[in-house]
Amino acid sequence: MFKSIRGRMFWTYAVLLLFLFSTSAVSISALFAQLNERKEIESISSVAHTIEDWTVALQVEQQDDVSIRAYKNFLMSWGKFTNSDIVIVNRNGDVFESTCAIKSVPQEITDNMLYNRVFTYKSNFNGFYDDRVLSVAFPLHYKNTPIGAIIFNKSLPEMRNDVLELFFIFAISIFSSLLVSFIIVYFQAKKISTPIVQINKAAQKIASGDFSERVAVTSRDEIGQLASTFNFMASSIEKADANKQRFISDVSHELRTPMTSITGFVEGMLDGTIAENERDSYLQIVRDESVRLTKLVNDMLEMSKLQSGEFKINIAPFDINDLICSSLISLEKKIDERHIDVDVDFRPEHLTTLGDKDQIKRVLINLIDNAIKFSIPNTQIMIKTSVTGGKAKVSISNVGDKIDNEDLKHIFDRFYKTDKSREQDRTGAGLGLSFVMNILRLHNQSINVKNEKAPNSDNYITTFEFTLEVK
């Protein structure tokens with residue numbers, strides 16, 4: 001039990017509670033005893049003054065038989081009332097009158113009578129009592145002159161019984177409180193430890209390769225936040241593992257196609273399946289596939305550098321509008337082949353931005369080339385630049401087919417291609433838009449894409465928009 005968090009928490013709190021309540025019980029018992037003793041002294045203090053007055057009136061100033069009998073009855077009544085034995089002594093300590101058969105008083109009381117003060121003393125009163133008693137001695141005065149003392153003897157066991165009764169009530173309260181506290185501590189320890197146990201079990205499953213395990217979030221405290229963070233981590237690991245598997249699958253697919261073509265054509269030439277006069281055309285295909293394979297490998301290496309932060313960019317000012325124009329000239333042949341018009345709207349005409357000019361041109365080439373490939377022939381590509389919120393905005397739009405929302409979510413992922421893009425673009429590896437995203441991320445800029453229905457048409461307009469810093 002002590003090896004588990006629940007056990008350690010429960011017993012730690014249990015021991016602390018026991019120590020706290022035990023200390024409280026001892027302290028309060030001592031306090032009860034003191035309060036009870038003080039209360040008894042205070043209650044008999046007023047009685048002592050009354051007895052002092054009657055002693056002076058009936059024994060000092062009058063000494064007839066009637067006064068003596070009345071005085072004895074008076075002492076007996078107050079003795080019963082205060083539940084104590086009353087002893088009257090003179091200055092020499094001789095017993096003058098008492099409600100019991102006491103003949104002498106302890107020397108300590110006699111000595112303290114000389115100091116003319118209230119004195120308490122605990123003893124068996126020179127062996128007169130079987131148990132110890134609390135003796136409270138009050139000075140006895142006549143005309144402001146001390147003439148003796150009035151002594152009240154109260155049984156200490158009886159006084160302790162009163163304290164014990166109070167302690168018994170307190171003990172029941174403590175026991176009930178402890179019981180409730182133990183129950184609360186147990187369930188609180190269970191509430192805290194259960195999510196940790198679940199997290200541990202889930203972590204073991206994730207370590208063994210099962211990334212689907214999640215932990216129930218039942219609170220908003222630190223434990224709940226830990227469970228949420230763990231679930232987020234598990235989702236991230238699961239997503240990363242899925243991306244890794246998809247990456248391996250996509251890379252295998254992309255590499256297999258050119259390698260299969262190269263192997264097939266070379267074997268055909270070696271075994272004579274391909275005629276001598278056709279070899280040059282097939283060798284051209286083999287060369288193209290080899291170039292494509294080399295480009296794919298280089299792109300993957302460069303993508304790895306981009307994502308690992310090893311890729312360095314050179315920030316310098318350049319005119320983004322001029323860069324767009326030069327990018328369009330580079331793609332002029334493709335634009336003409338698909339009979340596409342280009343509409344350019346630069347506001348302002350010259351816009352100086354900050355960034356790595358070569359890498360931003362790569363972004364433009366990828367986005368414009370993408371717009372060309374997926375544009376419906378005889379339509380238009382719209383390119384706009386503007387300044388909004390202190391940043392330059394570049395948007396590239398084309399008219400094409402509808403892109404599903406699920407495809408839009410993954411459009412910047414490596415090797416991701418929509419079904420329709422696979423039909424239209426069989427040469428690309430699906431790395432272009434991922435390059436675009438990572439290059440702009442290195443520039444601390446953003447890019448977004450939207451696909452909206454074109455007015456008065458069944459076609460859709462796809463718009464990519466990214467930002468740059470303005471110089």
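Note that the numbering runs from 1 along the sequence shown for the chain.
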Output yes when a side-chain donor or acceptor of [X] lies under 3.5 Å from a complementary backbone atom of [Y], and no otherwise.
| X | Y | value |
| --- | --- | --- |
| Asp356 | Asn314 | yes |
| Asn366 | Arg362 | yes |
| Ser45 | Ile41 | no |

How would you list, by chain and number, every residue that makes a ring-ring contact (aromatic ring centres under 6.0 Å, His included) with Phe138, sequence neighbours excluded? Phe152
Write down the atom of [X], the atom of [Y], and the distance for their closest heavy-atom approach.
| X | Y | result |
| --- | --- | --- |
| Arg91 | Pro146 | CD-O, 3.1 Å |
| Gln198 | Val215 | OE1-CG1, 3.7 Å |
| Ser104 | Val95 | N-CG2, 3.8 Å |

Describe, in one word, how the ring planes of Tyr121 and Phe119 are oriented to each other, choosing from parallel (under 30°), tilted (30 to 60°) and perpendicular (over 60°). parallel
For residues 386-398, run the donor-acceptor check on the side chains, cut-off 3.5 Å, and write out each pair with its distance to 0.1 Å, sequence neighbours left out.
residue : atom : partner : partner atom : Å
Lys391  : NZ   : Gln445  : OE1          : 3.4
Ser397  : OG   : Thr463  : OG1          : 2.7
Asn398  : ND2  : Phe374  : O            : 3.4

Looking at side-chain heavy atoms only, is the closest gap between [X] and [Y] below 4.5 Å?
| X | Y | answer |
| --- | --- | --- |
| Lys450 | Thr462 | no |
| Ile315 | His443 | yes |
| Asn124 | Asp130 | no |

For atom OH of Tyr142, decide whether the heavy atoms of other residues, nucleotides or ligands shown that lie under 6.0 angstrom number more than 12. yes
